[in-house]
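Structure first, commentary second.
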Amino acid sequence: MPLSAGLRDHGFEQVRDPAWLRKRLKVEARRTAWRSLEIELSQTNPAHAFPTGDLFRRLEVGAELVDEQGSVVTHDVTYMRREFRAPSSGVGREQVADERLFNDPRTLELDVACDSSRRGHLRWWVSLQRVTFEGDTDRTRTEIDSESRIAEGKIECHGEN
């Protein structure tokens, strides 16, 4: 948090700046021996969980296999976030899981295999999203309020065995 008039600024303006985010998150993508895609995430200077700030932020980590004609053949997406539910009292929110990135690197495996029958490329991305909260852990009930692409890339897939 930057200093402002001698105090720490809690406005979190930098978490909406893609360039600032890219400096703080190292992302490496590679195909595995099993032909899926691994994406390794690590913070360059860990101090808080990533993403930090309000409880509506999450990282979307995704990939898709795109064929030679440009059509998406298969895709896989996962989220790194805190999950909440409404407590039995009906008041407030209760955290039930925290999947965010902390001090240690984390590797996620996405099921977008290149095999002998699939040619094209793997397109992958990591985005910071701010989503609306729907009161439970059903990811299909969230709406994206804003999104910043932090990293993305492409890995060729030539149908190797």
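With respect to R30 and E40, a salt bridge is recorded, a charged nitrogen being found less than 4.0 Å from a carboxylate O.
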### Task
Walk me through it: do R58 and E83 pass the test side chain to side chain contact (heavy atoms under 4.5 Å, CB included)?
CA-CA 10 Å; R58 71 181 182 188; E83 292 189 18; over 6 Å; no
**Chi angles and distances behind the side chain to side chain contact (heavy atoms under 4.5 Å, CB included) call for F50, I150** = CA-CA 12 Å; F50 194 99; I150 298 174; 4.1 Å; yes
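Looking only at side-chain heavy atoms (C-beta outward), L21 and S148 come within less than 4.5 Å of each other. D76 is not listed as a side-chain neighbour of W124, based on a closest heavy-atom distance of 4.5 Å or more. Residues R81 and L59 are not in side-chain contact: their nearest non-hydrogen atoms beyond the backbone lie 4.5 Å or more apart. I155 places a side-chain heavy atom less than 4.5 Å from the side chain of R31. Contact check for Q129 versus Y79: side-chain heavy atoms found under the 4.5 Å cut-off. For the pair L101 and L25, the minimum side-chain heavy-atom distance is below 4.5 Å.
Residues passing the side chain to side chain contact (heavy atoms under 4.5 Å, CB included) test with D98 are R82, Q95, R100, F102, sequence neighbours excluded. With sequence neighbours left out, the side chain to side chain contact (heavy atoms under 4.5 Å, CB included) criterion links K26 to E28, S42, T44.
Put simply, the side chain of E60 never gets that close to the backbone of E147: no donor and acceptor are under 3.5 Å apart. In this structure, the side chain of R123 does not engage the main chain of E152 through any donor-acceptor pair within 3.5 Å.
In this structure, the separation between CG on L41 and CG on D104 is 13.0 Å, given to the nearest 0.5 Å. If you take CG on D67 and OG1 on T74, they are separated by 11.5 Å, rounding to the nearest 0.5 Å. Here CZ of F56 is found 9.5 Å from CG of D145. Values are rounded to the nearest 0.5 Å.
Residues V66 and L110 fall into different hydrophobic clusters, defined by Ile, Leu, Val, Met, Phe, Trp and Tyr side chains chained together at heavy-atom separations under 4.5 Å. The cluster map of Ile, Leu, Val, Met, Phe, Trp and Tyr, joined by side-chain heavy atoms under 4.5 Å apart, puts L108 and L37 in the same cluster. In the hydrophobic cluster analysis, where Ile, Leu, Val, Met, Phe, Trp and Tyr join through side-chain heavy atoms closer than 4.5 angstrom, V27 is grouped together with V61.
By the 6.0 Å contact criterion, NE2 on H121 is enclosed, its count of non-hydrogen atoms from other residues, nucleotides or ligands being greater than 12.
A donor atom on one side chain and an acceptor atom on the other are not found under 3.5 Å apart for S146 and R130. The closest side-chain donor-acceptor pair between E109 and S36 falls under 3.5 angstrom.
The minimum heavy-atom distance between A29 and I39, with the atom names listed, is CB-CG1, 4.2 Å.
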